[in-house]
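Right, one structure below, let's go through it.
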Amino acid sequence: MGCNINRPLFLHKILFFTFYGALGSIMAFLTIHMRTLGLNMAEITWINSILPLTSLAGPPLVGLLADRLGNYRVITIVFMALGAMMYTALLFVPAYAVRSVQPVLSLTCDAEGAAITLNSSEQSCPDLNRSHSSSFRIGGCKQECLIPLEHNTTAEPAYLCLTRPGGDKEYIACNESKTPLEFSRPLVTPQDYGTVCHYPQHEFNTSEGQFISLTCLTSAPNCTVVCDVSEMTEGNSLLQYSVVEGNATVTFWLYFGFRALAEMFIAILVSLLEAVALTMVHQHNGDYGREKMCGIFAVGVFSPLCGYLMDTQTGTFGVYYYAPVFYVFDGLLMITAIVTLFLPFEVEVTRKSLWKSIGSLIKTSELNILLLLMTLLGTFWGYLKTFVYVYLEDLHASKLLMGLTVTISIVPSLPFLYKSSAVVQFCGHHYLIMLAFVAYCIRFAGLSYITNPWWALLLESLELFTLNLMNVSAATLAYKLAPKTFVATAQALVWVSHFNIGRCLGTFVGGYLTTQYGQVCVFQGAAVAAAIIAAVYLSIHQLIKHLKTQGKPLPKPQPIRENGNVPNGHYTPLQAADGRF
């Protein structure tokens, strides 16, 4: 028997492919893009902690509006356009940077003395009154005169005059002066003459011994000797100074404003499209996991593609190094909007009281437990996704490798998602969620020990359990528990719990702990925490099952579907009846 195409769901598979491909092309690179704008780790942590809070209200409110009106199509396309504009705006946020400048030094010398000079047109003179000396090499000396020496075409060359402590003098012709000077005391506070800083030179050492002064003999009183100077200090230069480019406040708040709106619009889109997917799967006897498989496969394709484009700098992007990411994102989101126009689906519009329906939704005990578990999982996910790419960059990972981490996390998931209904029915929703905690334990522990970033690819394959199967299990369970007139609202609550509240907690707490103890210690602590939660969860779950087998009644239990056991009278609409794709 051949593999039949479920034609009503074919367009939806294209929609999931382009939409999640757009998200995959941009999400892996947002944190390191923030670094290129000049945001430090504290600012990155703050932004990633607050961003989820800005999206808390959007998805549930728009979900309620869509459920009330029953018009998902127009609302979805509007928010796609808004999301594309806000994310693209991030590309044009002005960068902030503190640039180190090594100034051009020179030595000016006449009969009165000598001084090292530098041009300070970009800032005030650097204060060099330090506790250690510095070494300089002078060379390329020449004589410069205010009045040309027309009457004396055979003028004597200028000389450097080095005076010893006893008064003895040593002369060096300017065209032969290549003597390194080691100053025996700190450089003095500069004398500021307009845009030129003067550092008078007195006591110093050379390879010939100690000297107390440096003067120059010139051909005429109106002449000075000017020499090129290079600093010989190892490490940081004493005369190096910093130049600020851009405005840190403008960069920070512009980025935060655009990113907050973009995240809110995308969160709304995900909850709407998940509701559309679950509704169409129910109406056309499909398999939700297969729909997700198309989206996840697209993430695995476009994320490394964008990494490769940045590594090779394909095209002419100028200062917009991350331009390929945003170009791919906008193109895929545009295709998604077009597909949405032709998507065949119908939704049931609620006729009941809005507040009564909401009340019945939030009183569902099993749904509340699901939201708590999603929050805990989102805490681990938020910390990992915010800081793992920074960690890999510190291990000198290429952008291509960062993109491949997404691909590797996808590949093992594809066969399981293709048969997701069978997997969920066999394992049970709760056991799959429990496996997510165990997988997080392994991922965090592994990251804390790797020294080669390529080992991260092996650990990323565990996203099969920490995200993909877990999302399928949570979404289908929420669909079964919620009233069918509030599908979008229920999906929005699941999304908000994991990707907003949980992500906020993970980023904020994890970022603070990272600054205190370092990423390795935090990874190890997160591994222990995930193991403890999994053990507690398993113990409680087994206790409840034991009490049920003993016939002890539990107060008002909700229908529980696990290990393939479905209570009588409860239909499971998300199972594929004929295995069609």
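Positions are given from 1 along the sequence.
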Q: Please assess I533 against F380 for the test side-chain contact (heavy atoms from CB on, under 4.5 Å), listing each intermediate value before the final yes or no.
A: CA-CA 12 Å; I533 294 173; F380 292 125; 4.0 Å; yes
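- Between Y449 and W455, the gap from one ring centroid to the other reaches at least 6.0 Å.
- Within the 4.5 Å cutoff, side-chain heavy atoms of H498 are placed close to those of M470.
- Taking CG of L37 as the start and CD of E43 as the end, the distance is 10.5 Å to the nearest 0.5 Å.
- M280 is not listed as a side-chain neighbour of L11, based on a closest heavy-atom distance of 4.5 Å or more.
- Counting only residues at least two apart or on different chains, the side-chain hydrogen bond (donor to acceptor under 3.5 Å, both in side chains) pairs with a member in residues 250-260 are Y255-R259, R259-E263.
- Distance check, rounded to the nearest 0.5 Å: CD1 of I266 to CG of L261 gives 12.0 Å.
- Pairing each heavy atom of I335 with each of T18, the nearest pair is CG2-CG2, 3.7 Å.
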**Q.** side-chain contact (heavy atoms from CB on, under 4.5 Å) assessment of I47 paired with L39
**A.** CA-CA 10 Å; I47 289 176; L39 300 176; 3.9 Å; yes
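- A distance of 8.5 Å separates CG of L269 from OG1 of T340, quoted to the nearest 0.5 Å.
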Q: Tell me, with the steps shown, if L404 and W454 meet side-chain contact (heavy atoms from CB on, under 4.5 Å).
A: CA-CA 10 Å; L404 284 175; W454 286 95; 4.2 Å; yes
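- Interatomic distance, OG of S398 versus CD of E393, reported as 10.5 Å (0.5 Å rounding).
- Smallest separation of non-hydrogen atoms from F465 and A436: O-CB, 3.3 Å.
- Screening residues 386-413 for ring pair (Phe, Tyr, Trp, His ring centres under 6.0 Å), with sequence neighbours left out, gives Y383-F387, Y391-F523.
- Taking each heavy atom of A456 and L392 in turn, the nearest pair found is CB-CD2, 3.8 Å.
- Checked against the 6.0 Å centroid threshold, Y440 and W381 do not count as a close aromatic pair.
- Side-chain contact between Y87 and L333 is absent, with no heavy atoms from C-beta onward closer than 4.5 Å.
- Taking 4.5 Å as the limit, some side-chain heavy atom of S303 sits within range of a side-chain heavy atom of F29.
- Looking at heavy atoms from C-beta onward, T476 lies out of side-chain contact with V281 at the 4.5 angstrom threshold.
- Rounded to the nearest 0.5 angstrom, L384 CG and T507 OG1 are separated by 10.5 Å.
- Going from atom CD of E463 over to atom OG1 of T405 covers 8.5 Å, rounded to the nearest 0.5 Å.
- Smallest separation of non-hydrogen atoms from L447 and L459: N-CD1, 3.4 Å.
- Taking the six-membered ring where the residue is Trp, F79 and F265 present tilted rings, their angle falling between 30° and 60°.
- The shortest heavy-atom contact between I433 and S473 is CG1-OG, 4.2 Å.
- Looking only at side-chain heavy atoms (C-beta outward), P94 and N247 stay at 4.5 Å or farther from each other.
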